[in-house]
Each structure stands twice: as structure tokens, then as C-alpha cells.
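Take a look at the structure set out below.
Counting starts at 1 for both ligands and their atoms, in listed order.
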Amino acid sequence: MWPYPRILAHRGGGTLAPENTFAGLRRGMDFGFRAVEFDVMLARDGVPVVMHDPYLGRTVSGAGHVFDYDALELAQMDAGSWCGADYRGEPVPLFVEYAQFCKAHGIWMNIEIKPARGFDRETGETVARITRAMFADEITAGQGERAPLLSSFSLAALQAAKDAAPDLPRAILMSELPPGWEPLARSVDAVAIHANHSHLTPALALAVRDAGFGLFCYTVNEPARARELLAWGVDAFCTDRIDLIGPEMA
Ligand code: G3P
Ligand code: MG
């Protein structure tokens, strides 16, 4: 039912490198990871970049919103210094280059569509269209499990992704599963539910899997909790602590 890797490095390389950077991917690979979650949003020119926050200041030196800058301007900015002097000059990755790096290195991707407010459909459509084109050969060859899984908290982004690339799988992100989680997930033909593990119970985990969905949790940083969730039947999760939780745990 879950044809993908089961343990993913969160935001590239967890907290062992600046999030959503190439340095993070390399750090993850050092620890044996070949599966990753990262966040994507649109720059001013509509070009997707790998970024978590919709504004600068925390991980990227500077001020303003991501949509105040073109992608190539963002790609010149420093997304590494906040994590340590060794990472100074680490750029904001262009999504296409980041995904190509992953593909070339056999790193499976869970791409979180992270639209800035008001850009839900545009972001979902753009990310899905680019990803679908990049993995056209694998999908045609019946190797769909090698293509990325798109996820989002935004239903509108997921709907747009579905319209643009119906055969690319989608997952719905929900921090705490609301009473109507199942129809919500079905409304975008989601194959999986991505839930905050802190709100999960064994009964909910069972219900999600009984309903035929994959179950992914974020963000699991303690080995004992990771083992507990796996025992509950959780299919996969992402972790910040790639040094404590290795890809071989599941
Ligand atoms: O995709 C799982 C997780 O990354 C969602 O939360 O804020 O870390 O993007 P966040
Ligand atoms: Mg994320």
C-alpha cells in the first residue's frame, strides 16, 4: 500500500544542516538517506523555489516576502549563515535544480506545496506541472512509485495539482485530523494522509489505514516515538534528527 521509502529527512537534512538547501541533501546522503521532504513556493516571477517561510529573515538574510523577489534574486541570497558560518553563501535552491539533484542521486521526494497566502492554485499547478514533466518517463513505464508524492495543507493547491497532473499522487497534510478528514482527503483523491504525530492515536492510525489511505507523520525526532508509531502501523515519517533515526529503522 505504501510503495515509497518509510523514513525521510525533513526539509532536506533535518536540523543537521540549513533547511531546504543542497547542503541539507548532502548531509542526508552522508547519513544514508535517499528520501526527503522539502517545501516549495513561488517567487515573484512565478518560478518555484525551495523555501519554508513565506518571508525572509529567519533562514534567509534580508527582509520582505518571498514573492517580493524573482527566483534568481533569491538564488543569490544567503540561506545558510543562520545555521553556522560553514554554510555561509548556501543559496535558496530553485525547485527545478533541487528536484533534478534528487532525481540524479536517487533521492525520492515528498514535495510539500507551500503556497504564500493567495497563491494556492498557482503554486499547486506550477509544482505539479513541472514535476509531472520531469517524471514522465517513469510514469509511462509504470514506475510511478519513483515519482514524487505531492503534499499540502492547502486543499486549493492540491486541487490545482490534481487538475494539472491527475496521475501524480497527492497527500493531504492535516495537523490534527478533523471529524470530516475522510471526505476531505477523497475530495482531492489523496492517496495518503500526512498528520502531525503528536495528535495521532492508535485508533486514528487504524481508521486511516482501514479507509485505504497511506499514513505519514511529521516530524518525529525521538527514536522511541518513531518505533511506537511504526508499531501503530504508520507507513512513513520524516525526521529532523537524521543522526538519531536512520533510514534503516523501518
Ligand atoms: O510535510 C510535513 C511537514 O514538513 C509539515 O510542516 O511546517 O515543517 O512544513 P512544516
Ligand atoms: Mg514541510
Side-chain angles (χ1 to χ4, degrees), residues 2 4-22 24-25 27-28 33 35-42 48-60 65-66 79 82-83 92-93 95 98-99 102 107-117 119-120 123-124 127-128 131 148-158 161 168-178 181 184-185 188 190-200 205 208 213-222 225-226 229 234-242 245 247 250:
W2 182 266
Y4 308 120
R6 302 187 66 193
I7 305 188
L8 281 61
H10 183 227
R11 302 187 194 174
T15 43
L16 271 71
E19 66 185 51
N20 291 322
T21 64
F22 286 101
L25 292 181
R27 201 87 167 105
F33 278 80
V36 70
E37 184 269 359
F38 59 86
D39 310 289
V40 180
M41 68 183 61
L42 299 184
V49 295
V50 180
M51 222 17 231
H52 180 276
D53 299 356
Y55 46 78
L56 283 60
R58 183 177 66 88
T59 63
V60 177
H65 290 86
V66 171
W82 69 281
C83 198
V92 175
F95 165 60
Y98 206 69
C102 289
I107 300 172
W108 180 76
M109 293 173 264
N110 167 209
I111 301 170
E112 185 187 340
I113 304 167
K114 199 78 140 177
R117 193 186 299 269
F119 291 88
D120 299 65
T123 311
V127 172
T131 307
L149 176 60
L150 306 179
S151 60
S152 189
F153 288 102
S154 163
L155 272 178
L158 290 172
L168 211 51
R170 291 163 300 284
I172 183 166
L173 267 157
M174 295 188 272
S175 176
E176 191 166 6
L177 270 59
W181 59 267
L184 270 181
V188 290
V191 299
I193 310 275
H194 288 202
N196 185 330
H197 76 92
S198 342
H199 305 300
L200 198 68
V208 168
F213 296 101
L215 178 57
F216 175 99
C217 284
Y218 68 91
T219 299
V220 185
N221 295 329
E222 289 168 7
R225 178 61 169 167
L229 291 166
V234 165
D235 291 299
F237 62 82
C238 60
T239 182
D240 284 328
R241 293 304 305 268
I242 59 174
I245 298 174

ask   = Should His194 and Met174 be marked as a side-chain contact (heavy atoms from CB on, under 4.5 Å) after you check the CA-CA gap, both sets of side-chain angles, and the distance that decides it?
value = CA-CA 6 Å; His194 288 202; Met174 295 188 272; over 6 Å; no
request  = Take Val234 and Leu200, measure what side-chain contact (heavy atoms from CB on, under 4.5 Å) needs, and give me the verdict at the end.
outcome  = CA-CA 10 Å; Val234 165; Leu200 198 68; 3.7 Å; yes
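We find the CG-CD distance between Leu149 and Glu112 to be 11.0 Å, quoted to the nearest 0.5 Å. In this structure, the separation between CG on Leu173 and CG on Leu155 is 11.0 Å, given to the nearest 0.5 Å.
Remark: Tyr98 pairs with Phe22, Phe38 by the ring-ring contact (aromatic ring centres under 6.0 Å, His included) rule, at least two apart or across chains. With sequence neighbours excluded, the residues forming a side chain to side chain contact (heavy atoms under 4.5 Å, CB included) with Ala190 are Ile172, Ala185, Val188, listed by chain and number.
Counting only distance, with no hydrogens or angles, the side chain of Thr15 and the backbone of Asp240 share a donor-acceptor pair below 3.5 Å. Not one N or O on the side chain of Arg11 forms a donor-acceptor pair closer than 3.5 Å with the backbone of Asn20.
If you check the side chains of Asn110 and Ser151, you find a donor sitting under 3.5 Å from an acceptor.
The count of protein N, O or S atoms under 2.8 Å from the Mg ion (ligand 2) stands at 3, with waters excluded from the count.
Near ligand 1, heavy-atom contacts under 4.0 Å come from His10, Arg11, Glu37, Asp39, His52, Glu112, Lys114, Phe153, Leu173, Tyr218.
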